[in-house]
Amino acid sequence: MTTQQLHQNILDKKSFLCIGLDVDLNKIPQHLLATEDPIFEFNKAIIDATHDLAVAYKPNTAFYEAYGLKGWLSLEKTINYINQKHPEIFTIADAKRGDIGNTSAMYAKAFFEDLNFDSVTVAPYMGKDSVEPFLAFKNKFTIMLALTSNAGAFDFQTKTVEGEELYKTVLKTSKDWENSENLMYVVGATKAEYFTEIRKIVPKSFLLVPGVGAQGGNLQDVCKYGMSDNVGLLINSSRGVIYASNGEDFAEKAREEALKIQQEMAEIL
């Protein structure tokens, strides 16, 4: 997928909603536990109910790895289902990988070639040679952590180093890496006041924005300070959509919550 295709899908759907498929067997409707693959059945129902309202889906791999081989197979079935039924939808492996070059190359191969995700999240702490192997894949995107929405973000990301906040140094440095046009960035919605500064550094890059809703982020503020000429935002909602109900109406309730967000986005667009 290209950014032009992603932008066109945003315009077509009047939405820049990303739905996080973070499946916890303790939270999904009990009747699904009797099925052969409860995780996939849950995801399939959510996708079927929301695919016309979302432009991206983001499984967090931890929620699949926690269940061992069965969980990984559920992830594989989920990404295959999206790619086959809704190839226009942008897929994000929220894996937060990042290691020395040859290891990163294997991570990239796993998510881009084997599972055929459009993108993967990475941690930049180990620097250039840990990220560039991901960037080498054509029409695949690497979504690098820039400024996250958790409380611990202030431990390092906003510290001033040689007169500049560290997250700004990370953003500026990454622009010089090979194939940096394949970079996107994670910026938490709870840091809305930082978006103006971030856009000065990466004015056109897509930003994956978690933290709207359950974590207290405000969509209007994010769009006011973070939207670019090509929209440039993917607003993620996980719990607020997928766990809107734990009854047999869970898919319908998920759609209702997704529709509320999409309608607000349509007004902004």
Side-chain angles (χ1 to χ4, degrees), residues 1 6 9 13 15-33 35-97 110-112 114-122 141 143 149 184 186 189 208-215 234-247 249-262:
M1 183 175 292
L6 175 57
N9 199 26
K13 292 183 177 179
S15 170
F16 40 102
L17 172 63
C18 171
I19 296 178
L21 300 174
D22 303 347
V23 186
D24 184 341
L25 290 180
N26 294 316
K27 294 182 179 179
I28 70 173
Q30 291 295 299
H31 72 278
L32 292 178
L33 297 179
T35 64
E36 181 180 350
D37 190 342
I39 294 175
F40 174 68
E41 292 301 329
F42 179 81
N43 283 343
K44 180 179 180 294
I46 295 292
I47 293 163
D48 288 346
T50 62
H51 66 86
D52 59 320
L53 304 173
V55 297
Y57 288 110
K58 182 181 71 66
N60 186 314
T61 60
F63 287 85
Y64 300 83
E65 295 171 74
Y67 299 108
L69 179 59
K70 289 181 67 175
W72 197 258
L73 290 173
S74 298
L75 176 63
E76 184 177 43
K77 288 166 67 175
T78 297
I79 184 64
N80 287 343
Y81 186 76
I82 297 169
N83 286 337
Q84 291 166 11
K85 295 289 187 179
H86 309 290
E88 81 286 356
I89 289 183
F90 189 70
T91 55
I92 304 167
D94 191 1
K96 300 181 179 71
R97 297 298 199 260
F111 290 109
F112 291 152
D114 183 43
L115 291 174
N116 199 22
F117 275 93
D118 293 311
S119 64
V120 62
T121 59
V122 304
F141 294 90
I143 309 179
S149 57
M184 298 180 177
V186 176
L208 173 62
V209 185
V212 169
Q215 295 183 49
L234 293 171
I235 303 294
N236 183 74
S237 180
S238 300
R239 289 168 289 173
V241 172
I242 67 174
Y243 296 133
S245 169
N246 64 357
D249 64 345
F250 74 97
E252 291 84 353
K253 293 298 182 183
R255 179 176 177 80
E256 289 176 12
E257 292 304 314
L259 182 60
K260 290 177 187 176
I261 301 171
Q262 183 272 328

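In this chain, numbering begins with 1 at the start of the sequence shown. Excluded from the calculations below are hydrogen atoms, water molecules and symmetry mates; all remaining heavy atoms, backbone and side chain alike, are included.
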Check Ile89, Ile19, Leu17, Asn9 against Val55 for a side chain to side chain contact (heavy atoms under 4.5 Å, CB included) and give me the one that passes. Asn9
Lys58 vs Leu21, side chain to side chain contact (heavy atoms under 4.5 Å, CB included): CA-CA, chis, key distance, verdict: CA-CA 6 Å; Lys58 182 181 71 66; Leu21 300 174; over 6 Å; no
How far does CZ of Arg239 sit from NZ of Lys27, to the nearest 0.5 angstrom? 6.5 Å
Roughly how far, to the nearest 0.5 Å, is the CD1 atom of Ile261 from the OG atom of Ser237? 4.0 Å
Does some side-chain heavy atom of Phe111 sit less than 4.5 Å from a side-chain heavy atom of Arg97? yes
Working for side chain to side chain donor-acceptor pair (under 3.5 Å), residues Asn43 and Tyr64: CA-CA 12 Å; Asn43 283 343; Tyr64 300 83; 3.0 Å; yes
Hey, are the side chains of Glu76 and Leu73 touching, using non-hydrogen atoms and a 4.5 Å cut-off? yes
Between the side chain of Thr121 and the main-chain N/O of Ile143, is any donor-acceptor distance below 3.5 Å? no
Just wondering, do Cys18 and Ile92 contact through their side chains at under 4.5 Å, heavy atoms? yes
Short N-O contact, Arg255 and Asp48, less than 4.0 angstrom: no
Check whether Ser15 reaches the backbone of Leu53 with its side chain - one donor and one acceptor, N or O, closer than 3.5 Å. yes
Taking Ala54's backbone N and O only, do any of them form a donor-acceptor pair with Lys13's side chain (distance below 3.5 Å, no angle check)? yes
CG on Asp118 to CG on Leu6, rounded to 0.5 Å: 9.0 Å
For Asn246 and Ile28, what are the C-alpha separation, side-chain angles and deciding distance, and is it a side chain to side chain contact (heavy atoms under 4.5 Å, CB included)? CA-CA 6 Å; Asn246 64 357; Ile28 70 173; over 6 Å; no
Does the distance from a Lys or Arg side-chain N to an Asp or Glu carboxylate O, for Lys70 and Glu65, drop under 4.0 Å? no
Measure the spacing between CG of Leu75 and CG of Asn60 and express it to the nearest 0.5 Å. 10.0 Å
Check ion pair Glu256-Lys253 (N to O, under 4.0 angstrom): yes
Could you report the tightest heavy-atom contact between Thr61 and Ala95, atom names first, then the distance? OG1-CA, 3.5 Å
Any side-chain to backbone donor/acceptor pair from Asn83 onto Asn116? Under 3.5 Å, distance only. yes
Could you go through the side chain to side chain contact (heavy atoms under 4.5 Å, CB included) check for Ile39 and Leu25 one step at a time? CA-CA 7 Å; Ile39 294 175; Leu25 290 180; 3.7 Å; yes
Which pair of heavy atoms, one from Gly247 and one from His31, lies closest together, and at what distance? O-CE1, 4.3 Å
Here the pair of heavy atoms bringing Ala49 nearest to Ala251 is CB-O, 3.5 Å
Salt bridge flag under 4.0 Å for residues Asp37 and Lys77: yes
What distance separates Thr35 OG1 from Phe42 CZ, expressed to the nearest 0.5 Å? 11.5 Å
State whether Lys260 and Glu257 are salt-bridged, where the test is any N-O pair (Lys NZ or Arg NE/NH1/NH2 against Asp/Glu carboxylate O) under 4.0 Å. yes
For Phe250 against Ile46, the heavy-atom pair lying closest together: CD1-CD1, 4.0 Å
Ser238 side, atom OG; Asp24 side, atom CG - distance, nearest 0.5 Å: 12.5 Å
Can you name the closest pair of heavy atoms from Met184 and Phe90 and give their distance? CE-CZ, 3.8 Å
Counting N and O atoms only, with roles assigned by atom type, does the side chain of Asn236 sit under 3.5 Å from a partner on the main chain of Val209, one being a donor and the other an acceptor? no
For the student: nearest non-hydrogen atoms of Met1 and Glu88, plus distance: CE-O, 3.1 Å
For Asn80 and Thr78, which I'm curious about, is there any donor-acceptor pair between the side chains at under 3.5 Å? no
Parallel, tilted or perpendicular: ring planes of Tyr81 versus Phe40, cut at 30 and 60 degrees: perpendicular
For Leu115 and Thr91: C-alpha separation, side-chain torsions, deciding distance, then whether side chain to side chain contact (heavy atoms under 4.5 Å, CB included) applies. CA-CA 10 Å; Leu115 291 174; Thr91 55; over 6 Å; no
